[in-house]
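Data first, discussion second: the structure below is written as structure tokens.
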Amino acid sequence: MFFFRMIFRSFSRQFKRRLLIAVTVCLSATVSVAMLGVVFDVGDKLNAELSTYGSNITVQPKADAVVNDLYNTGGDANSNASGTSESDPTTFLKESDAPKIKTIFWAFNITNFAPELNIHADANCASESVDSSSCKASGVPIVGTWFAKTLHMDSGESTVAGMNGMRSWWKLDGSWPKDDSAQGLIGTTLASKLGVTKGDTVTLYKTTADGSRNKQRITITGIYDSGDSDNNAMYIPSSTAQVLANLPDSIDKIEVKALTTPDNDLARKASKNPNALTQDEWETWYCTAYPSSIAYQIEEVIPGSVAKQVRQVAALQGDVLQKTQAVMVLMTVLSLVAAAIAVANLMAASIGERGSELALLKAIGATDGAVSRLMLAETAVISLVGAIVGALLGSGVAQIVGHVVFGSGITMRPMVFVLVFVLLTLTVLIASFSSIRSILGLKPAEVLHGR
């Protein structure tokens, strides 16, 4: 009871210093909780944010993958939309196999995907009666794909997949086409070349492998600006492109957008040769959402396919994540260091002013340990109040950061609060160490006689 009476009595003295200690701990707790809360949740947030800029896994036929590896092209052998090739694909996957992507172990991490049939066709902005060179174009890249196709899975669940979610950065003047229709989107460069606007009709002509000349009229529902060479292409429903090219149920590429875990040494080892992993390594790799493990599982369900991660996107995700986490951890460390310095100085000043009081306690029989515990208990109570208030404020700051930076809230994990309270406890103990040493050096006789 003696020590509790001393604690409460001391609260009425040196109020300013105690308040400063509480505020210091509160600010440190606020920064620590906010930063660590974001650190523990930033992985999924960053992946979701970066995945809005395109796919991070591509699926193609094995033959195309062999060509890419052999000639180190670094992309699809028939990457028409980007303008890197003017040849049509010669090997294909089945479009009907594409929905199987949502049946893999990491199906819930697959946020979107879209099959593509990349071909070339001649385009005319009007009917055959119009004979104007400015209204015609040959070798136009045509991408047959899904826009917002609803898939009904065997499990009874439904999902929507297509370019509508894969190309969220496009600037679109108009509306997205409907799947399984004679509608399409046209890039700004091609639209300018043909002189068409939304609502116009473009006639496509395609000479198929058997020598026949197919024709398809496409109503333009929108003009998109991708910001790159893709503006020279036209996107139409895959079923329409397959009829035009006489390639039923055929695609040559699938773009996949997945939430992934940044690569580490295990993932890099597995991406080179999964068979080189031990049983424990293989289970860890397979059950972790690495880009390589998701790609491997896609290959398991789509016959004749090779799935590869887009290295630039995967590397960017990992690099940005590590740098973001490093900055936030550094801010947490700096806040704790600042708190330690401030608490140490405030306690030293407090002990200096209360020297006669502490010397009197020692003179009437209090041991060094008892006096030290008194000061630690007083500091602990003040710090606890500051830490609790700071934890509440830090949770709010984390939500503000989440909504401002990522457009969604931060999930605060209990581990964050436990970790922050442990770190603050260690910080206060370290800060108090030098002050406690000065208490041990107090000599009651000298202090009470003003020496």
Side-chain angles (χ1 to χ4, degrees), residues 36 39-77 79 91 93 97-98 100-113 166 253-330 413 415:
L36 292 180
V39 164
F40 278 93
D41 199 49
V42 73
D44 290 343
K45 292 288 187 295
L46 272 179
N47 282 333
E49 185 75 14
L50 292 174
S51 67
T52 61
Y53 297 98
S55 59
N56 51 1
I57 297 175
T58 58
V59 187
Q60 60 186 123
K62 282 185 178 179
D64 285 348
V66 171
V67 172
N68 292 340
D69 292 339
L70 183 62
Y71 295 102
N72 195 27
T73 59
D76 300 300
S79 184
T91 57
L93 301 171
D97 286 334
K100 295 179 181 178
I101 290 175
K102 290 294 288 184
T103 65
I104 66 172
F105 179 82
W106 287 108
F108 290 108
N109 281 51
I110 305 295
T111 60
N112 206 345
F113 64 97
M166 298 288 290
K253 178 183 176 182
I254 305 175
E255 291 191 29
V256 181
K257 184 190 295 184
L259 296 176
T260 60
T261 299
D263 280 346
N264 56 13
D265 292 338
L266 175 61
R268 285 186 282 270
K269 178 180 178 181
S271 63
K272 295 179 181 178
N273 182 14
N275 295 326
L277 302 178
T278 65
Q279 182 65 29
D280 289 341
E281 288 177 333
W282 191 90
E283 290 178 356
T284 300
W285 169 73
Y286 193 90
C287 296
T288 305
Y290 297 120
S292 56
S293 64
I294 293 178
Y296 181 85
Q297 292 170 30
I298 291 175
E299 292 177 2
E300 289 181 317
V301 298
I302 299 184
S305 69
V306 170
K308 294 184 177 181
Q309 58 177 305
V310 180
R311 292 289 179 181
Q312 295 89 340
V313 176
L316 176 64
Q317 289 176 337
D319 189 48
V320 172
L321 177 60
Q322 290 176 357
K323 289 181 179 179
T324 303
Q325 290 178 330
V327 169
M328 293 181 177
V329 170
L330 178 61
R413 293 168 170 79
M415 181 187 301

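Every salt bridge (Lys or Arg N to Asp or Glu O under 4.0 Å) that Lys100 has, sequence neighbours left out, goes to Asp97.
Closest heavy-atom contact between Ser293 and Ala289: OG-C, 4.0 Å. The two atoms that bring Thr58 and Lys253 nearest to each other are CG2-CE, 4.2 Å, heavy atoms only. Across all non-hydrogen atoms, the minimal contact from Ala295 to Ile57 is N-CD1, 4.2 Å. Nearest heavy atom pair, residue Ala98 against residue Phe113, reads O-CE1, 3.6 Å.
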Check against side chain to side chain contact (heavy atoms under 4.5 Å, CB included), Tyr290 and Asn264: CA-CA 9 Å; Tyr290 297 120; Asn264 56 13; 2.7 Å; yes
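Applying the salt bridge (charged side-chain N to carboxylate O under 4.0 Å, His left out) test to pairs two or more places apart or on separate chains, those with a residue in residues 276-297 are Lys269-Glu281.
Note that the CG atom of Leu259 and the CZ atom of Phe108 stand 13.0 Å from one another [nearest 0.5 Å]. The CG atom of Asn56 lies 10.5 Å from the CD atom of Glu255; values are rounded to the nearest 0.5 Å. If you take OG1 on Thr288 and CH2 on Trp106, they are separated by 6.5 Å, rounding to the nearest 0.5 Å. Rounded to the nearest 0.5 Å, atoms CD1 (Ile254) and CD1 (Ile101) are 4.0 Å apart. Taken to the nearest 0.5 Å, the CD1 atom of Ile110 stands 11.5 Å off from the NZ atom of Lys257. Between atom NZ of residue Lys62 and atom CG of residue Leu93 there is a gap of 10.5 Å, rounded to the nearest 0.5 Å.
Side chains of Ser292 and Trp285: a donor-acceptor N/O pair is present below 3.5 angstrom, by distance only.
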Show me the donor-acceptor pairs, under 3.5 Å and distance only, between side chains in residues 298-306 and residues at least two apart or in other chains.
from   : atom 1 : to     : atom 2 : distance (Å)
Glu299 : OE2    : Ala307 : N      : 2.9
Glu300 : OE1    : Tyr286 : OH     : 2.8
Ser305 : OG     : Ile302 : O      : 2.7

